[in-house]
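Everything below concerns the one structure shown next.
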Amino acid sequence: MTSVGDFPNLTRSHSRRGLWETESVIGRRKRVGRMSEEMKLPKRSEDFSEWYNQLVLRAELADYAPVRGCMIVRPYGWAVWENITAALDRRFKATGHVNAAFPLLIPRSFIEKEKSHVEGFSPELAVVTHGGGEELEEPLVIRPTSETIIGHAYSKWIQSYRDLPLLINQWNSVVRWELRTKLFLRTLEFFWQEGHTAHATAEEAEAETRQMLDVYTDFAVREAAVPVIPGRKSAAERFAGAEQTYSIEAMMGDGKALQAGTSHNLGQNFAKAFEIRYLDKTGVLQHCWTTSWGLSTRFIGAIIMVHGDDQGLILPPRLAPYQIVIVPIYKTDEEKASVLETAQRLRRELVDAGIRVKLDEREGMSPGFKFNDWEMRGVPLRMELGPKDVAKGSVVLARRDRPGREGKSFVPQQGIAAAVAQALEEIQKALYERALAFRQANTADPADYAAFKQAVEKGFAYSWWCGGAGCEEKIKDETKATMRCIPAEDPISGQSAPQAGGAAKCIYCGAAAQEKAIFARAY
RNA sequence: CGGGGCGUAGCGCAGCCUGGUAGCGCGCCUGCCUUGGGCGCAGGAGGUCCGCGGUUCAAAUCCGCGCGCCCCGACCA
């Protein structure tokens with residue numbers, strides 16, 4: 001398990017005076033504390049965008065940087081990313097990939113070698129024109145992705161079919177000069193991994209492309225509890241330079257789609273542009289078939305927007321930096337001593353069981369404050385431990401996914417590690433099921449174009465489509481919905497995608513259709 | 001790149017219209033007190049009023065020009 005250090009305190013910067021009465025859950029003693037609307041986030045249902053922005057800042061996942069469109073990933077956010085990278089890297093290694101590092105700076109001429117690649121990326125390139133006080137003879141591009149520089153290296157490294165397949169990944173950051181940015185979802189610089197592979201045959205490359213899409217799907221579902229729809233992209237949505245692009249698409253809490261990972265079959269396009277060739281068994285010189293695939297810090301945005309609620313973030317237990325936080329409660333010094341002693345003993349037990357634990361020993365903050373603080377930061381499980389619990393040999397466990405009293409239960413200290421582990425499993429499962437149910441409830445199979453328009457107002461439309469770029473374009477102009485992907489499985493029923501028949505008509509033009517596609521407004 | 005909003009203490013804002021001592025809340029520091037859902041009291045520290053120029057005896061305030069950020073539309077992981 002990943003070990004995690006301490007994170008700076010949440011800034012309590014939005015307080016405003018206001019009174020509310022609360023009743024303690026167990027003691028039934030009334031007290032009056034400060035609480036107000038302005039300490040809370042905007043309601044998710046009322047202003048999703050502002051809810052998201054404030055949540056990211058206040059949960060201390062990230063902050064704005066001095067350069068427009070750039071972000072600082074704060075320790076707590078980076079800890080989530082570390083858990084994501086660990087879960088993915090494990091899967092990459094298990095499928096035979098190795099890691100390497102390629103340079104940040106790329107000769108401009110490299111980008112220009114593959115025609116559609118240039119066209120796709122040139123508007124969003126950052127270019128270095130000076131170095132060491134001198135103007136450079138050839139400007140250097142800051143990588144927007146590394147196909148070109150890796151293609152250059154592969155052309156040197158690959159000579160024979162014995163050198164194939166070449167399966168390399170790199171963890172890095174890339175820069176794309178985006179016009180409109182949002183923390184995690186779209187920033188000028190973002191962190192990701194990019195896998196780049198070279199193969200001897202078209203079939204192998206296609207198999208690799210799909211295998212990595214499966215890896216992303218497995219990661220999203222099992223680690224992040226984010227249900228995704230894997231599928232194939234339209235030509236318009238395809239990566240610049242790819243023959244075929246696949247993606248996993250997730251539904252956010254506002255019904256919009258987010259592309260959460262992509263896998264590209266690059267065919268021989270880059271192999272031809274960079275002369276990546278090998279001698280086959282029969283002595284014939286062939287171009288390789290290459291792939292690339294990536295998943296970025298954007299995925300953190302997906303986790304936020306899929307699971308979060310009005311109280312703040314909810315992290316899936318498998319990716320949470322802290323899976324459980326222990327909040328000690330005491331009045332007197334004697335109580336403090338015995339509560340903390342018990343708390344430390346329980347923490348030890350949990351740590352020994354491989355559970356990521358935070359014991360919140362901060363002084364001068366009320367337990368109530370700490371409850372809210374950790375809820376904002378999405379810790380999946382909270383243990384409340386006070387003198388009464390010490391006396392009874394029990395603790396209170398509170399589930400983040402079930403707010404308030406409903407999520408609380410008394411649990412014996414005896415066997416705490418097993419109980420916590422089980423609760424974490426249940427939360428992981430419940431988060432996935434809730435997200436899936438939400439997506440199902442907001443995915444429609446509209447009967448006609450009028451129903452289609454309504455469907456994409458609140459979620460996904462799964463519709464027959466003639467495959468024509470014209471219809472895709474008009475749908476986008478008229479509804480703001482884009483073609484997200486053509487799933488291999490029906491996302492509503494979970495069965496194999498339906499075969500085209502006589503009744504299969506394009507939702508827009510009515511012409512005969514072969515495939516059913518997901519359409520949605522997207523981030 | 002078009003439309004809108006904003007820029008004053010760490011954060012959120014008032015002051016600007018009608019020019020003259022820079023304020024409030026939260027946070028922060030110290031002490032006491034409290035702690036089962038965002039405790040209380042007292043004292044304290046903290047300012048390039050986004051920048052530059054202009055008008056004026058005097059500019060946070062009026063005028064001009066910049067810059068930055070956020071939100072909404074055209075492109076994108």
Side-chain angles (χ1 to χ4, degrees), chain A residues 9-40 47 49-50 53-54 57-58 64-69 120-121 123-124 144-145 174 176-194 236-237 239-240 245 247-248 258-264 292-299 301-302 311 327-332 335-336 339 362-376 382 384-389 395-396 398 403-405 408 476-477 480 482 522-523:
Chain A
N9 294 343
L10 180 64
T11 36
R12 287 162 285 160
S13 56
H14 298 264
S15 305
R16 205 44 83 83
R17 181 174 300 144
L19 297 178
W20 75 327
E21 279 201 336
T22 60
E23 224 182 349
S24 72
V25 172
I26 295 168
R28 305 270 168 187
R29 194 156 54 88
K30 296 233 175 181
R31 62 175 295 103
V32 178
R34 276 193 184 193
M35 187 59 185
S36 85
E37 289 310 306
E38 305 192 24
M39 295 170 81
K40 294 184 183 172
D47 190 345
S49 177
E50 200 46 34
N53 288 337
Q54 289 197 28
L57 297 175
R58 290 173 60 182
Y64 293 103
V67 175
R68 174 198 75 86
F121 280 109
E124 51 187 67
T145 177
V174 292
R176 299 179 187 177
W177 216 260
E178 301 290 350
L179 300 177
R180 225 179 116 187
T181 58
K182 199 171 175 80
L183 293 171
F184 287 117
L185 298 180
R186 191 176 300 103
T187 46
L188 298 201
E189 181 188 15
F190 60 90
F191 294 86
W192 73 343
Q193 55 67 219
E194 45 176 327
E237 299 280 333
F239 174 76
T245 287
S247 71
I248 52 173
L258 182 78
Q259 177 173 304
T262 50
S263 186
H264 315 291
S292 66
W293 26 275
L295 186 147
S296 76
T297 36
R298 165 182 272 194
F299 203 96
Q311 295 303 312
V327 178
I329 299 155
Y330 48 78
K331 293 193 188 82
T332 64
E335 284 176 353
K336 178 179 175 184
V339 165
R362 289 178 291 179
E363 305 268 358
M365 287 173 183
S366 69
F369 180 88
K370 291 178 179 178
F371 295 170
N372 285 282
D373 187 13
W374 293 110
E375 281 170 6
M376 174 72 73
R382 177 178 69 242
E384 303 172 11
L385 183 70
K388 292 169 191 168
D389 304 295
V395 302
V396 172
R405 209 169 289 186
K408 291 197 186 191
K476 186 179 175 183
D477 290 345
K480 294 180 194 162
T482 51
Y523 279 98

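Below, read A as the first sequence line, B as the second, and so on, with proteins coming before strands; counting in each chain starts at 1. Note that the structure is predicted; figures quoted are calculated from it, not measured.
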Applying a 3.5 Å limit to both distances, which nucleotide forms a Watson-Crick or G-U wobble pair with B:A42?
-> B:U30
Let me know the distance between CD of A:Glu189 and C1' of B:C76, rounded to the nearest Å.
-> 17 Å
Between the base of B:G37 and the side chain of A:Lys408, is there a donor-acceptor distance below 3.5 Å?
-> yes
Exam field: side chain A:Gln311 to backbone A:Asn372, donor-acceptor pair closer than 3.5 Å | no
Between atom NZ in A:Lys336 and atom P in B:G36, what is the gap in whole Å?
-> 15 Å
Roughly, in whole Å, what's the span from CE in A:Met365 to P in B:G37?
-> 17 Å
When the C1' atoms of B:G27 and B:A45 are considered, how many whole Å apart are they?
-> 13 Å
If we call it a pair only when both distances are under 3.5 Å in a Watson-Crick or G-U wobble match, what pairs with B:U21?
-> none
Sugar-phosphate, base or nothing in reach of A:Leu185, heavy atoms under 4.0 Å | base
B:C76 and B:C13, which share atom name P, separated by this distance in whole Å | 35 Å
Which nucleotide in B:C71, B:G36, B:G38 has an atom nearest any side-chain atom of A:Asp373 = B:G38
From the candidates B:U35, B:G37, B:C71, the one with an atom nearest any side-chain atom of A:Glu375 is B:G37
Side-chain atoms of A:Tyr64 come closest, of B:G38, B:C70, B:U35, to B:C70
Taking atom C1' in both B:A9 and B:G66, what distance in whole Å separates the two?
-> 25 Å
Would you kindly give the CZ-to-P distance between A:Arg362 and B:C28, to the nearest whole Å?
-> 11 Å
Does the base of B:G37 carry an N or O that pairs as donor and acceptor with the side chain of A:Arg382 under 3.5 Å?
-> yes
With C1' as the reference atom in both, quote the distance from B:G31 to B:U21 in angstrom, rounded to an integer.
-> 31 Å
Minimum heavy-atom separation for A:Phe190 to A:Ser296, with atom names?
-> CD1-CB, 3.7 Å
Counting heavy atoms from C-beta on, name the nucleotide in B:U35, B:G36, B:C71 closest to the side chain of A:Tyr330.
-> B:U35
Pick the C1' atom in B:G4 and in B:C29, then give their distance to the nearest Å.
-> 41 Å
Roughly how many Å is it from CD in A:Glu124 to P in B:A74, rounded to a whole number?
-> 17 Å
Could you check how far CD of A:Gln54 sits from P of B:C70, rounded to whole Å?
-> 14 Å
Partner nucleotide of B:A74 by Watson-Crick or wobble geometry (both distances under 3.5 Å) | none
Using the C1' atom on both, measure B:G2 against B:G47 and round to a whole Å.
-> 37 Å
Paired to B:U55 by Watson-Crick or G-U wobble criteria (both distances under 3.5 Å) is none
Does A:Arg362 offer a backbone N or O that forms a donor-acceptor pair with the side chain of A:Lys370 under 3.5 Å?
-> yes
Closest non-hydrogen atom pair, A:Gly294 against A:Trp192 = CA-CE3, 4.3 Å
For B:C75, take OP1 and OP2 only and decide whether either is under 4.0 Å from a side-chain N or O of A:Lys480.
-> no
Kindly label the base of B:U48 as syn or anti, based on whether its glycosidic torsion lies within 90° of 0.
-> anti
Of B:G36, B:C72, B:C75, the nucleotide closest to the side chain of A:Glu384 is B:G36
For A:Asn53 and B:C70, is the shortest distance between a side-chain N/O and OP1 or OP2 below 4.0 Å?
-> no
Shortest non-hydrogen contact from A:Glu178 to A:Thr187?
-> CG-O, 4.3 Å
For A:Gly386, answer base if it contacts any base atom (sugar-phosphate contacts may also be present), sugar-phosphate if it contacts only those atoms, and nothing otherwise; contact means non-hydrogen atoms under 4.0 Å.
-> base
Residue-phosphate contact under 4.0 Å: A:Arg180 side-chain N/O, B:C72 OP1/OP2 = yes
Determine the interatomic distance between P on B:G12 and the same-named atom on B:C57; round to the nearest Å.
-> 38 Å
Determine whether the aromatic ring centres of A:Phe121 and A:Phe239 lie less than 6.0 Å apart.
-> yes
Gap in Å between the two P atoms, one belonging to B:G20 and one to B:A60, rounded = 9 Å
Assign A:Glu50 to base, sugar-phosphate, or nothing according to its heavy-atom contacts below 4.0 angstrom with the strands shown.
-> nothing
Which part of the nucleic acid, if any, lies within reach of A:Phe299 when heavy atoms closer than 4.0 Å are counted: base, sugar-phosphate only, or nothing?
-> nothing
Base, sugar-phosphate, or nothing for A:Gln259, non-hydrogen atoms under 4.0 angstrom?
-> sugar-phosphate
Can you find an N or O donor on one side and an acceptor on the other, under 3.5 Å apart, linking the side chain of A:Asp389 with the base of B:G36?
-> yes
Over all atoms of both residues, closest heavy-atom pair of A:Ala522 and A:Thr482 | CB-OG1, 4.0 Å
Name the nucleic acid region contacted by A:Ser263, choosing base, sugar-phosphate or nothing; use a 4.0 angstrom heavy-atom cut-off, strictly under.
-> nothing
Cation-pi check, A:Arg186 onto A:Tyr523 ring (under 6.0 Å, within 45° of axis) | no
Base paired to B:U48 (Watson-Crick or G-U; both N/O distances under 3.5 angstrom) | none
Partner nucleotide, any strand, of B:C6 [Watson-Crick/G-U, under 3.5 Å] | B:G68
Given B:G73, B:C76, B:G36, the nucleotide with the shortest approach to the side chain of A:Arg186 | B:C76
Would you classify A:Pro387 as touching base, sugar-phosphate or nothing, given that sugar-phosphate means primed atoms plus P, OP1 and OP2, and contacts are heavy atoms under 4.0 Å?
-> base
Please tell me which of the listed nucleotides, B:C75, B:G36, B:G38, lies nearest to the side chain of A:Glu178?
-> B:C75
